[in-house]
Amino acid sequence: MLIAITREVSPSIRQCELTHMLRQEIDVELARSQHLQYEGVLRDLGCQVRRLSVEPNLPDSVFVEDTAIVLNELAIITRSGAASRREETRNVAEALKEYRTTFHMVSPGTLDGGDVLQIGKTLYVGITSRTNESGIQQLMEFVSPYEYKVEPVQVEGCLHLKSAVTLVREDTLLISRSWVDTKPFGSKEYIDIDPTEPFAANALLVSGELVYPTIFPKTLRRLKDKGISVRVVDVSELQKAEGAVTCCSLIFEEKWPDKTD
Ligand code: CIR
């Protein structure tokens, strides 16, 4: 069984952090209904959605992906590069304790989950305004006993590594080459986003199905032309908060036999 941890959209989402986008009016009710539809798609794809309680004073708390890295063997509670987001980890950590042994990142390390792209036993980690060297070093120390490899990746011009590149099928990456180079990822198949849709590289792969925003029709066509099966969701209001489809959930296998406590 796959678990998807999510959190209701905060009523304060209009005060969200923005780094590379201009502030636009967010329709909070519409954001909530889009988020419900997103959760519905995750359920359709076999996830048991576990929704955490709303955090009225944490504007970005719907973006749970940034608060933790969940691997089969362990979970790491991150320390966001945005000070306003550090409180978000509290009840995510509580929830994750039921499923995994958890480790906590500490100062001066910072890392956002949006900067970690897992491909098998390799964790590609974006070096961004949210993720620093100490965060990457701590991540390496937590995961190396389990034989994961951590590969730092330079990212320029966008918020997170997964704003620039995501896995859309085994060995196939959807990429914005103006924000990240293909070199660190080696010999994979690459699908380039349509250049008129700069935010189009963020896609969420769940059980072999791709969850993808409605508002990038040209890139969507490129995915379909490559034979990729896509479930579209309208997350336009969440995109105004510089979020997209990976950032609204933490998805993992419920049971992992090696959990020690
Ligand atoms: C932030 O700037 O932290 C939020 N407004 C957006 C976070 C999106 N997170 C993600 O894509 N992993």
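Just follow the structure's listing: the first ligand is 1, and inside any ligand the first atom is 1.
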Return the residue, atom name and 0.1 Å-rounded distance of the protein heavy atom closest to [atom].
atom                    : result
atom 8 (C) of ligand 1  : E242 O, 3.4 Å
atom 11 (O) of ligand 1 : C247 CB, 3.2 Å
atom 6 (C) of ligand 1  : A241 O, 3.3 Å
atom 4 (C) of ligand 1  : D60 OD1, 3.1 Å
atom 9 (N) of ligand 1  : D66 OD2, 2.8 Å

Test E151 against K149 for salt bridge (charged side-chain N to carboxylate O under 4.0 Å, His left out), laying out the working first. CA-CA 6 Å; E151 291 284 346; K149 217 165 73 179; 3.8 Å; yes
Is the contact between D112 and ligand 1 made by the side chain, the backbone, both, or neither, using heavy atoms and a 4.0 Å cut-off? neither
With a 6.0 Å cut-off on ring centres, are F252 and Y99 close enough? yes
Can R7 be said to sit on top of F63's aromatic six-ring, NZ or CZ under 6.0 Å from centre and within 45° of the ring axis? no
Can you tell me if [atom1] on [X] sees more than 12 non-hydrogen neighbours from other groups inside 6.0 Å?
X    : atom1 : value
E253 : CD    : yes
K121 : NZ    : yes
E147 : CD    : no
E133 : CD    : no

Atoms of ligand 1 less than 4.0 Å from H160 heavy atoms? 9 (N), 10 (C), 11 (O), 12 (N)
Taking only heavy atoms of E65, which atoms of ligand 1 are found under 4.0 Å from at least one of them? 10 (C), 12 (N)
I'd like to know if L159 contacts ligand 1, where contact means a heavy-atom distance under 4.0 Å to any ligand atom. yes
Who's closest to atom 7 (C) of ligand 1 heavy-atom-wise, of R130, E17, R85? R85
